[in-house]
Amino acid sequence: MKKKLITTGLAVLLTTTTMSAQTKLRADNIDEVLKAMTLEEKAQLLTGGGNDGFVGSGAMLGHQKKIVAGAAGTTVAIPRLGIPATVMCDGPAGVHIDAHREGDTQTYYATGFPIGTCLASTWNTELVEQVGQAIGNETLEYGCDVILGPGLNLHRNPLCGRNFEYYSEDPIVTGLIGAAMVKGIQSQGVGVSIKHFAVNSQETARTKVDERVSQRALRELYLKGFETTVRRSDPWTVMSSYNKINGTYAQGHKDLLTTILRDEWGFRGIVMTDWIGKRGDLPVRQEVQAGNDLMMPGYPAQAQDIVADVKAGRLDVKDVDICVRRMLEYIVRTPRFKKYAYSKPDLQAHAAVTRQSSTEGMVLLKNGPAPLSSPLGGKTPTLPLSLSSSQGGTGGGLRIALFGVNSYDFFSGGLGSGCVNVPYVVDMVQGLKNVGVSTTPLLTEIYQNYVKYARAKLKADKNPMMWFLDQGQPKLDEIEISERCVAHEVKEADAAIITIGRQAGEGMDRKIDGEFNLSRMEQDMIFRVSDQFHAAGKPVIVIINSGSVMETCSWRDRVDAILCAWQPGEEGGNSVADVLTGKANPSGKLTMTWPVAATDHPSTKNFPQDLDMYSYREMNGWGSGIPNESYTNHEEDIYVGYRYFDTFNKEVAYPFGYGLSYTTFAFSKPAAKVSGDGVTVTVTVKNTGSVSGKEVAQVYVTAPQGKIEKPVHELKAFAKTRELQPGESQVLTMQIPVRDLASFDEAGSQWLTEAGTYTFRIGNSSRDIQATVTAKVTEYTEKVNNVMAPQQLLNLLKH
Ligand code: BGC
């Protein structure tokens, strides 16, 4: 069979070669090239070249040589038509390729930038665009044409294993940060793939779960971030997700990939599938007909199916041609087609970019008074640390007892395809040392030795099924911190820092016990350290080194300060030290609510929990008919994150938008002016404290009572000040398109902004509103297609 196909392919190749020997792809002859292509070549172009940087492992063209080692995949070269293979690497936190290449002594480490959650927490679109430029530059110089990111799925629930790659529970934050990132990356002449389109908000059974969701929640939440990014930044490519939405695979969903994405939003690029082969219950022809241009990573059977389906009349060659044309349009934009002369990226310059952005994304959650008899002078608040010591640290400087394995094995990023092979990670010991703060010698030695041992053990015990643990830094077990150990350290140190690390990634969701919550060992460590350090009048600071939210209420009163450092990229320890010592004033704000308990989110009821071996179940095809594996009902509907907590007045640990500073700010002179198709909101922000800093103005809009039920308020715009000196003010101006005030009216299949008086509530968290202004808005409607309706009753949560 295989032999026969190859012979047929060759015959066609030979005939067409003589027919159009001169035809080579140029930006202005796409029609001509399309005409010159054989059906086999067309099928091949729609089917990637296989995994791992190999070109042409597809059906007809055979293996060619690896282009970029460790890249996620390639398209297929058709040399006779001058079509080069193009290369796709992961993302989103930097370029994911191998650091070493066979027969090459040079290294190809890529900069580890902060994870998506950390970047979004900067609320600084200009800064994110700069990070995008640096990521785009590395994508280009390392020989890749497209980076597979940013990830624009919503944090529907804190247990999703890939939340770290995503920006927020809110679609406006997602869309505006996403657009900034895309603009930055694409300014370098390479493309992005915004992913995973759409509703890929759980990892459990991700390749088959049916996400059952109302049209309204789809439009207002799960698609909205993608829509904003597409409309504002013109991404080259979109990656369709593995899951189904309301009964149809996203990858074969014409309503999603053509009607909404292209017809309504005006998307002009290509859609590629997430990395999966031929699926039993989704014919490739349905993917082509849906407008999914490229099957990645690409398997021979997929190209063969396209050819066979066209020949048998099951697939119209016109549908194939639509995708092929878009592929050619994509290819002529790529650096590889343009024969870019590659050089090395400036990793040192990019390290400075990552350090600045991660510092700005860190969120100061707590900054209480230091213990009264503290050698830090009983100072209020605990942070920033003053650098002098009573304990005789190096050169009379501050000396810290550093607890927690992740102080010494600091996480730069998460696990799975989203990891980056970084040249180094600055841990807490090094970061503190770089600002003149030493750590207690014995404890440091014990932990450093343990980390060496635990890493080696993990490698030796490697389970081949847990492939994602090989991509990134897996979590090492904590070690028991005894009372005796703490007693020893108290005498040696001025203060204690405890790093609590959390790791998560592709292919697995998080558990509540020991992952969202503290483990027993971590709890003992926090309680023992804080009891003894406080008894000696010394402060205790917790650093959270995690990609997503965790429980804090059961232990936060026991410690003096908490800094959420996220997984901040390779410069992590330096950035933490910058914030702890006040070299940088924290200005990060949460882009998701931190609940008291994981079960407080209404979506937790319909989220896979505490199921063991998710990936095994998925691979073995288990789970048929099991809630949250074969289907997930979005009963919470639009009440995701603060939309739920604020509307239903539920207690939270830290609200959406929250984050402390070392200075204070006042908001004044709020104004809202309606003109044309938008509302312009302005507010004056003044630094009323004693050190310089930045502040974020967040505009929450409360709609008038109308026919559509709404959350109590929704974020519609935000802006960040420049670094304001004490006493300095800045007027921030924010545009809200009237279209963004609309709700999705399912009955009328339309976006509807009801007429009336809207309240614009400006604050620095969803629960700290500092200035309010109202404006009268007239009705706005925009009809859209009535598509993607759920097929089952969803039992939706009501206000
Ligand atoms: C992930 C994508 C990734 C792709 C290529 C998939 O398993 O879901 O996010 O881009 O692999 O590595």
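As the structure lists them, so they are numbered: ligands from 1, and atoms in each ligand from 1. Every value quoted in this text rests on a predicted model; they were computed, and no experiment measured them. Below, each value reflects all heavy atoms present in this structure, side chains not excepted, and no hydrogens, waters or symmetry copies.
- Within the structure, ligand 1 lacks Met88 among the residues with a heavy atom less than 4.0 angstrom away.
- Classification of Glu165 and Arg162 as a salt-bridged pair holds, one side-chain N sitting under 4.0 Å from a carboxylate O.
- When only interatomic distances are considered, the shortest N/O to N/O separation between Lys195 and ligand 1 falls below 3.5 Å.
- At a heavy-atom distance under 4.0 Å, no atom of Met296 approaches ligand 1.
- Closest to atom 9 (O) of ligand 1 by heavy atom, among His196, Met239, Glu203, is His196.
- Glu165 does not count as a contact of ligand 1, since none of its heavy atoms falls under 4.0 Å from the ligand.
- Ring centers of Phe164 and Tyr166: at least 6.0 Å apart, outside the cut-off.
- Atoms of ligand 1 lying under 4.0 Å from at least one heavy atom of Ala72, given by number and element, are 5 (C), 12 (O).
- Salt-bridge check for Asp509 with Arg206: failed, with every basic side-chain N at 4.0 Å or more from each acidic carboxylate O.
- A ring-centre distance under 6.0 Å is not found for His155 and Tyr167.
- Among His601, Glu169, Glu636, Glu211, the single residue meeting the side-chain hydrogen bond (donor to acceptor under 3.5 Å, both in side chains) criterion with Arg156 is Glu636.
- Within ligand 1, the atoms closer than 4.0 Å to a non-hydrogen atom of Arg162 are 1 (C), 2 (C), 8 (O), 9 (O), numbered from 1 in the order shown.
- Contact annotation for Met272 and ligand 1: no heavy atom of the residue comes within less than 4.0 Å of the ligand.
- Residue-ligand proximity, Asp90 to ligand 1, at heavy-atom distances under 4.0 Å covers atoms 3 (C), 5 (C), 10 (O), 12 (O).
- Panel note: side chain Gln567, backbone Arg502; a donor-acceptor pair is recorded below 3.5 Å.
- Comparing Thr207, Ile276, Asp274 against atom 2 (C) of ligand 1, the shortest heavy-atom distance belongs to Asp274.
- Counting heavy atoms under 4.0 Å from ligand 1, residue Arg206 touches it through the side chain alone.
- Side-chain atoms of Asp170 and Ser168 include no donor-acceptor pair closer than 3.5 Å.
- A salt bridge is absent between Lys475 and Glu515; no separation between the charged side-chain nitrogens and carboxylate oxygens falls under 4.0 Å.
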